[in-house]
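A quick write-up on the structure given underneath.
Quick note on labels: first sequence line is chain A, next is B, and so on, each numbered from 1.
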Amino acid sequence: MVFYLFFLTPLFNFVTIWYYKHKNGKKINKKEYFTMIDIKQKVADILSEKIEGLSTEEIYELLEYPPNPDMGDVALPCFKLSRIFRKSPVQIAEDLMNNIQLPDSIEKAEAVSGYLNFFLNKSIFIREVLETIINKGDKYGSRDIGKGKNIVIDYSSPNIAKPFHIGHLRSTVIGNSLYKIFEFMGYNCIGINYLGDWGTQFGKLIVAYKKWGSKEAVENGQIKELMSLYVKFHKEAEENPALEDEARAWFVKMEKGDEEALSLWRWFKDISLKEFNRVYEILGITFDSYAGESFYEDKMQPVIEELKEKGLLKESEGAQIVDLEEYDMPPCMILKKDGSTLYATRDITAAIYRKKTYDFEKCIYVTGVSQSLHFKQWFKVIELMGYDWADQLIHVPFGTVSLGGEKMATREGKVVLLEDILNKAIEKTRAIIEEKSPHLENKDEIARQMGVGAVVFSDLYSNRIKDVSFSWDEILNFDGETGPYVQYTHARACSVLRKADEEVSLDFDSSILSSKEEYQLAKTLYLFPEKVYTAMEELEPSIITRYLVDLAQDFNRFYHEHSILVEDQALRNARLALVQATKITLANGLRLIGLSAPEQV
RNA sequence: GCGUCUGUAGCUCAGUGGAUAGAGUGUUCGACUCCGACUCGAAAGGCCGUGGGUUCGAAUCCCGCCAGACGCACCA
């Protein structure tokens with residue numbers, strides 16, 4: 001699927017351009033054409049006339065961006081062509097250079113040791129890029145490839161009765177970013193917070209509460225009291241394993257509808273939700289559905305029947321399993337020997353329900369990498385049930401968060417609460433604002449946006465599969481490649497535009513923007529749609545995070561080297577357009593990773 | 001033991017089979033009468049874990065080994 005989408009990109013552009021060119025037999029609409037600029041496409045079109053035996057799409061795939069600006073803007077490595085044409089790559093590059101006819105938009109082509117390097121006409125390129133961005137505004141980088149298609153994203157999904165700690169942040173922010181990215185690509189997204197509100201851990205909590213807790217203590221201590229009961233349970237259970245059986249028995253009672261068990265469960269759930277919602281509010285994250293595990297309690301029986309009917313269920317050591325030995329996997333357990341259900345039972349049920357309800361094109365699960373096998377197993381069960389949409393289920397794993405080298409474990413009480421981190425980050429930002437911009441309006445809101453931004457950005461900074469070691473110093477560091485740096489850069493661009501106090505006009509002379517900083521900035525701006533697309537394809541928000549740092553750096557270099565609000569009106573107009581385009585792109589990118597883009601900080 | 005993932009500058013990390021492997025941070029040295037210095041520039045810093053293989057070409061693909069993380073039936 002990934003390969004398929006990748007292959008489609010150039011085709012999509014090609015077809016779209018063709019469509020615009022031929023629409024109603026009229027000349028193409030300039031504005032529409034500019035929204036589709038694709039410099040590789042331009043080069044591929046030129047080359048395809050001279051290279052026989054390769055389609056435009058194949059040539060497109062060969063093209064790359066040179067590592068160094070001195071080598072041009074787009075390059076064709078001729079080594080692979082060498083075999084087809086039985087000529088040396090050097091020769092091919094030179095022959096092509098001498099034969100191709102360059103349009104105005106390409107200044108020159110140079111053959112250099114087996115590469116054919118194309119140099120764009122800078123002025124035309126900058127004009128096209130800036131016009132595109134300013135015309136499209138907050139749609140710059142968006143597509144409509146997902147039009148009419150649904151994508152379910154299952155993320156955050158904290159366990160009730162456990163505190164929301166730094167480990168939960170990753171699922172929340174990665175999922176939230178994927179939601180925004182797919183939405184930007186035209187998909188209709190359904191964000192589901194699959195709350196862990198069912199299962200044996202409630203049995204444990206009930207046992208602990210009845211033995212060592214009290215109504216008063218829970219009402220006063222809220223989730224912290226629940227957590228300490230949970231921790232105490234595991235401590236005691238080490239000495240007295242019979243407690244585990246008691247806990248399982250209480251869960252069986254829950255599944256059988258025992259009123260005492262259920263009312264305690266509801267109470268614990270309410271307490272937890274209050275806490276979670278407070279954190280989501282600080283983060284500024286919402287969900288379309290909070291259908292947690294308990295939602296599927298009355299829907300599992302038919303699925304178990306279905307597994308039985310399809311001959312997949314097998315008894316083993318008293319439990320009901322689906323044997324996956326044939327696929328080199330341990331069995332997928334469906335029912336425990338006491339007849340109660342498990343995680344996999346609910347996941348399978350939920351997937352079937354979601355397919356029926358949302359008719360998704362993809363259903364994405366954002367969870368820790370430690371659950372990889374679990375997903376592999378039950379995805380296989382769905383396939384064995386004969387559902388051809390099994391390949392639409394996608395597990396998006398992320399690395400483990402550790403605490404000073406040790407794994408965080410709620411059971412042992414070793415956690416850093418997310419709310420504490422967010423509040424500290426906000427506090428720190430607030431202090432900086434107080435010092436640097438004491439006259440700022442709504443300081444509290446800006447402090448929240450930037451403090452949260454710092455934490456979220458740092459979580460989305462590396463490839464999601466990497467393990468992270470939590471450190472207060474790192475998460476509260478606002479220097480270098482951080483959220484505040486990018487947000488600050490955006491605010492700075494806004495500030496210049498405010499000072500200019502004039503409409504940014506599209507009527508500017510792009511040939512004035514001739515410095516290397518200006519050209520480099522335009523090139524980076526150009527890359528944004530491609531980066532967003534890759535981030536979607538690879539389900540990897542860090543691609544956008546990285547890009548934003550590059551863009552902010554390029555802008556700051558430009559800003560440092562050149563004055564924008566100069567007397568020369570033509571130069572001023574052109575540079576303001578560049579600033580406006582940067583502002584738009586930074587804001588769009590920040591939005592896609594779930595950060596605010598305040599205009600003043 | 002088996003399986004999955006990770007290993008790149010002192011540290012944290014980027015890096016589509018292609019040209020001289022890049023940022024940030026830390027260290028050293030610089031730049032503010034100037035649009036917001038939470039900024040910018042320069043220097044130093046690399047057997048890309050290791051040994052083979054494939055290829056015109058490998059940090060990138062394949063195999064072995066080493067190190068670490070995470071899994072491997074009644075938790076989620």
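- Nucleotides B:rA58 and B:rC63, compared at atom C1', are 15 Å apart to the nearest Å.
- Within the model, atoms CD1 of A:Ile92 and OG of A:Ser82 stand 5.0 Å from one another, a figure rounded to the nearest 0.5 Å.
- Of the nucleotides present, none pairs with B:rC38 by Watson-Crick or G-U wobble criteria with both distances under 3.5 Å.
- Regarding contacts with the backbone of B:rG15, a side-chain N or O of A:Asn463 is found under 4.0 angstrom from either OP1 or OP2.
- Using N1 to N3 plus N6-O4 or O6-N4 for Watson-Crick, or N1-O2 and O6-N3 for G-U wobble, each under 3.5 Å, B:rG1 pairs with B:rC72.
- One C1' atom belongs to B:rC48, the other to B:rA9, and the distance between them is 10 Å to the nearest Å.
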Item to complete: Start with the C-alpha gap between A:His374 and A:Tyr343, add the side-chain angles, then the distance that decides, and say whether ring pair (Phe, Tyr, Trp, His ring centres under 6.0 Å) holds.
Response: CA-CA 9 Å; A:His374 163 76; A:Tyr343 191 31; 4.2 Å; yes

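- Between A:Thr200 and B:rA76 there is a side-chain polar atom (N or O) within less than 4.0 angstrom of OP1 or OP2.
- Classification of the A:Trp265-A:Phe202 ring pair by plane angle, with boundaries at 30° and 60°, yields perpendicular.
- Rounded to an integer number of Å, the gap from A:Phe478 CZ to B:rG24 P is 20 Å.
- As rounded to the nearest Å, B:rC56 and B:rA14 have P atoms that lie 32 Å from one another.
- We find that NE2 of A:His562 is positioned 12 Å from P of B:rG41, with the value rounded to whole Å.
- In terms of phosphate contacts, A:Lys499 brings no side-chain nitrogen or oxygen within less than 4.0 Å of OP1 or OP2 of B:rC35.
- Straight-line distance from the OH atom of A:Tyr461 to the P atom of B:rA14: 8 Å, rounded to whole Å.
- Taking only side-chain atoms of A:Pro66, from C-beta outward, the nucleotide of B:rC35, B:rA19, B:rC70 with the closest atom is B:rA19.
- Nucleotides B:rC32 and B:rA37 have their C1' atoms positioned 7 Å apart, rounded to a whole Å.
- Atom CD1 in A:Ile432 sits roughly 19 Å away from atom P in B:rG36 (whole-Å rounding).
- By the 30° and 60° cut-offs, the orientation of the rings of A:Tyr365 relative to A:Phe375 is tilted.
- Within the structure, every side-chain polar atom (N or O) of A:Ser495 is placed at least 4.0 Å from both OP1 and OP2 of B:rC35.
- Comparing B:rU8 with B:rU50, their P atoms sit 10 Å apart, to the nearest whole Å.
- Note: CD1 (A:Ile92) to P (B:rC56) measures 14 Å, nearest angstrom.
- Counting atom types as modelled, A:Asn117 pairs a side-chain N or O with a base atom of B:rA19 as donor and acceptor under 3.5 Å.
- Look at B:rA43: its Watson-Crick or wobble partner, with both distances under 3.5 angstrom, is B:rU27.
- Comparing B:rA76, B:rC38, B:rC35 by their nearest atom to the side chain of A:Glu293 picks out B:rA76.
- If you check B:rA73, B:rA69, B:rC75 against the side chain of A:Arg248, the one that comes closest is B:rC75.
- Closest approach to the A:Tyr343 side chain among B:rA76, B:rC56, B:rG24 is made by B:rA76 (side chain taken as heavy atoms from C-beta onward).
- Scanning both residues, A:Pro66 and A:Gly72, for their nearest heavy atoms gives CG-O, 3.5 Å.
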Worksheet item: Going through the distances and angles, do A:Gln520 and A:Arg557 end up as a side chain to side chain contact (heavy atoms under 4.5 Å, CB included)?
Response: CA-CA 10 Å; A:Gln520 181 54 47; A:Arg557 272 183 204 124; 5.9 Å; no

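- Separating the CH2 atom of A:Trp250 from the P atom of B:rC75 is a distance of 18 Å, rounded to the nearest angstrom.
- Of the nucleotides present, B:rC63 is the one that pairs with B:rG51 by Watson-Crick or G-U wobble criteria, both distances under 3.5 Å.
- Comparing atom distances between the A:Gln553 side chain and each of B:rG24, B:rC75, B:rC35 picks out B:rG24 as nearest.
- Residue A:Arg83 places none of its side-chain N or O atoms closer than 4.0 Å to OP1 or OP2 of B:rU55.
- Judged by distance alone, with hydrogens and angles left aside, A:Ser316 brings a side-chain donor or acceptor within reach of the base of B:rA73, the pair sitting under 3.5 Å.
- The nucleotide B:rC32 finds no pairing partner, because no Watson-Crick or G-U wobble arrangement with both distances shorter than 3.5 Å includes it.
- The side chain of A:Arg557 sits closest to B:rG41 out of B:rG41, B:rG36, B:rG71.
- With rounding to whole Å, A:Arg546 atom CZ is found 5 Å from B:rA14 atom C1'.
- B:rU20 makes up no base pair with any nucleotide shown, lacking Watson-Crick or G-U wobble contacts both under 3.5 Å.
- Residues meeting the ring-ring contact (aromatic ring centres under 6.0 Å, His included) test with A:Phe119, sequence neighbours left out: none.
- Checked against B:rG36, B:rU20, B:rG71, the side chain of A:Arg492 finds its nearest nucleotide in B:rG36.
- In this structure, A:Lys424 satisfies the cation-pi test against A:Trp472, with its NZ or CZ atom closer than 6.0 Å to the six-membered ring centre and inside 45 degrees of the ring normal.
- Distances shown here put a side-chain N or O of A:Asn556 below 4.0 Å from the OP1 or OP2 atom of B:rC40.
- For the C1' atoms, the distance from B:rA73 to B:rA69 is 23 Å, rounded to whole Å.
- Taking atom C1' in both B:rG7 and B:rG49, one finds a spacing of 6 Å when rounded to whole Å.
- Because its NZ or CZ atom is not both nearer than 6.0 Å to the ring centre of A:Tyr547 and within 45° of the ring axis, A:Lys531 does not count as a cation-pi partner of that residue.
- The listed nucleotides are B:rG36, B:rC35, B:rG17; the one nearest the side chain of A:Lys80 is B:rG17.
- In this model, the phosphate group of B:rA14 is approached by a side-chain N or O of A:Lys466 to a distance below 4.0 Å at OP1 or OP2.
- With B:rG36, B:rA76, B:rU16 as the candidates, the nucleotide lying closest to the side chain of A:Tyr559 is B:rG36.
- Residue A:Ala75 has its side chain nearest to B:rA19 when only B:rC35, B:rA19, B:rA73 are considered.
- For the pair A:Glu540 CD and B:rA14 C1', the interatomic distance rounds to 11 Å; values are reported in whole Å.
- Ranked by how close their nearest RNA chain B nucleotide is to the 5' end, A:Asn477 and A:Tyr485 are led by A:Asn477.
- Mapping A:Arg346 and A:Leu76 onto RNA chain B via the closest heavy atom, the residue that lands nearer the 5' end is A:Leu76.
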